[in-house]
Protein chains: 2
Amino acid sequence: MDRSVSDPGTGTPGEAPAERRRDAAATRRRLLDAARDLFAERGYEGATVRGIAERAGVNQALLFRYFGSKQGLLAEAVAEDGLERVRATPPEELFETALRSMLTRDADGNGDRSLEVYLRSHSRGEENAGALRELGEKYQSVLASLSCAEDAALRADLAMAWLLGIGILRTVVAREPLASADPEAVCRLVLGSLDTLWHAPEK
Amino acid sequence: MDRSVSDPGTGTPGEAPAERRRDAAATRRRLLDAARDLFAERGYEGATVRGIAERAGVNQALLFRYFGSKQGLLAEAVAEDGLERVRATPPEELFETALRSMLTRDADGNGDRSLEVYLRSHSRGEENAGALRELGEKYQSVLASLSCAEDAALRADLAMAWLLGIGILRTVVAREPLASADPEAVCRLVLGSLDTLWHAPEK
DNA sequence: TAGCGTTGTAAGCACGTGCTTACAACTAGG
DNA sequence: CCTAGTTGTAAGCACGTGCTTACAACGCTA
């Protein structure tokens with residue numbers, strides 16, 4: 001994983017590690033970034049290895065050299081981006097953070113696309129379910145901690161379902177008025193209803 | 001399959017139109033049914049024309065004779081099943097009806113799969129978005145009539161998002177405990193939170 | 001500078017896909 | 001019975017896919 005590179009000699013010895021013409025670590029990164037974007041935009045099946053390699057500006061054979069398979073690439077991309085956010089966000093903020101990332105178009109290009117990747121990569125049977133399973137379970141356990149009801153896990157699933165559904169309607173169906181709605185307005189509506197979900201009596 | 005044949009000619013002349021050995025209308029039906037099921041189970045891209053024809057017990061060339069293309073088949077299947085339900089269900093019952101159909105495994109085989117088809121057929125760009133657009137808009141306009149807020153359409157989108165998200169988590173991710181949860185318990189939680197959604201103040 | 005492992009490249013393989021075509025088998029109308 | 005149109009069938013085409021392989025270009029080390 002760490003494939004770190006040392007200073008090639010004549011390059012500036014400072015922080016900027018002087019562009020190399022042949023840099024395995026750099027092409028790995030480019031592939032990872034391109035994969036994350038394309039998986040989010042077109043789904044796992046819709047994103048082709050040729051497309052990913054092209055967006056990364058890299059020969060497609062290198063994709064298989066560094067990640068073994070398309071699934072391997074997905075697994076590494078999800079593990080890197082998705083799990084990182086879940087780990088770094090306080091539980092009580094996770095839902096709203098994820099919701100906002102779903103609602104914010106990637107104007108500058110970088111938001112967290114991990115949930116979009118998640119929801120669009122479950123297509124083919126259970127082939128790559130393994131890679132996504134861990135991310136889903138992380139979300140579930142964190143969200144479940146927000147309700148003290150006995151069926152907290154079920155409520156967490158329902159919350160995540162809403163997250164994914166909103167993602168679908170926005171990014172793949174492009175449904176109006178949701179797609180262009182003010183994120184604040186959506187947050188207000190969703191978070192209000194979610195409060196009811198968390199605190200509803202057990203039976 | 002069973003393609004049993006009765007005697008043509010001497011058959012019962014009553015209402016039952018005596019099975020014919022070559023029956024265009026019947027094979028159209030079989031194709032339509034098989035398509036609805038497979039689109040729901042594997043998604044539009046995951047369902048192959050060969051798979052559909054096989055499940056229907058029909059030569060795949062006939063699929064193209066009767067429906068022109070895979071997209072034509074999808075359009076007709078969605079129009080027949082999905083639109084019919086929206087038209088036949090009272091507005092105030094539509095959400096719960098759809099939710100229950102999402103939560104009820106097709107033990108006997110026939111439930112309404114139109115929403116599953118909807119959520120799993122938006123994959124490739126906007127190719128077949130046309131066929132699905134009408135169904136989505138129908139749901140939206142009916143659900144929007146349940147709230148008298150100015151942003152009723154947005155709230156309808158959010159409600160439908162929840163529906164689709166629950167479908168994803170249940171049928172494609174197979175997430176526990178949601179997948180095996182008691183439909184009644186899920187309905188109670190979701191409908192309660194949805195009530196908050198419909199009646200939340202505008203700002 | 002010579003050698004050698006690492007990085008990048010081009011071409012292609014095997015397979016699955018949606019769809020077409022040429023033809024046989026059946027049915028209905030005369 | 002004969003003929004014409006309808007229904008069913010088998011084979012295949014063109015293309016896109018994930019993945020492999022054989023090879024060239026490069027850069028570090030000795």
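Note on naming: letters A, B, ... go to the chains in the order of the sequence lines (proteins, then strands), and numbering restarts at 1 for each one.
- Separating the CZ atom of A:Arg50 from the P atom of D:dT20 is a distance of 13 Å, rounded to the nearest angstrom.
- Look at A:Arg29 and A:Glu80 and you find a salt bridge, because one of the NZ, NE, NH1 or NH2 atoms lies within 4.0 Å of a carboxylate O, short of that distance.
- A:Thr27 has no side-chain polar atom (N or O) that falls below the 4.0 Å cut-off from OP1 or OP2 of C:dT7.
- Surrounding CZ of A:Arg55 are more than 12 heavy atoms belonging to other residues, nucleotides or ligands, all under 6.0 Å away.
- Closest to the B:Arg65 side chain, of the nucleotides C:dC19, D:dG8, C:dT20, is D:dG8.
- Distance from the side chain of B:Lys70 is smallest to C:dC19 among C:dT9, D:dT17, C:dC19.
- Of the listed nucleotides (D:dA10, D:dT7, C:dT9), D:dT7 has the atom at the smallest distance from the side chain of B:Ala24.
- Checked against C:dG18, D:dT9, D:dG18, the side chain of B:Ala61 finds its nearest nucleotide in D:dT9.
- Distance A:Phe67 CZ to D:dT20 C1': 18 Å, rounded to the nearest Å.
- Within a 6.0 Å sphere centred on CD of A:Glu150, other residues, nucleotides and ligands contribute 12 heavy atoms or fewer.
- When the C1' atom of D:dG18 is taken as reference, atom OH of A:Tyr44 falls 9 Å away, rounded to whole Å.
- Put simply, OH on A:Tyr66 is 5 Å from C1' on C:dT7, counting in whole angstrom units.
- Nearest to the side-chain atoms of B:Asn59 among the listed nucleotides C:dT27, C:dG18, D:dA10 stands D:dA10.
- Within 4.0 Å of B:Ala47, counting heavy atoms only, lie sugar-phosphate atoms of the nucleic acid but no base atom.
- Note: CZ (A:Arg22) to P (C:dG5) measures 14 Å, nearest angstrom.
- Side-chain proximity of B:Ser69 to D:dC19, C:dC19, C:dG8: nearest is C:dC19.
- Annotation: A:Glu134, atom CD; neighbour count of heavy atoms from other residues, nucleotides and ligands within 6.0 Å does not exceed 12.
- Side chains of A:Arg85 and A:Ser101: a donor-acceptor N/O pair is present below 3.5 angstrom, by distance only.
- The distance from atom CG of B:Leu62 to atom P of C:dA24 is 17 Å, rounded to the nearest whole Å.
- Among the protein residues, B:Ala25 comes within range of no part of the nucleic acid, since none of its heavy atoms lies under 4.0 Å from any strand.
- As rounded to whole Å, 14 Å separates atom P of D:dG16 from atom CD of B:Glu45.
- A:Leu63 has its CG atom 8 Å from the P atom of D:dC19, to the nearest Å.
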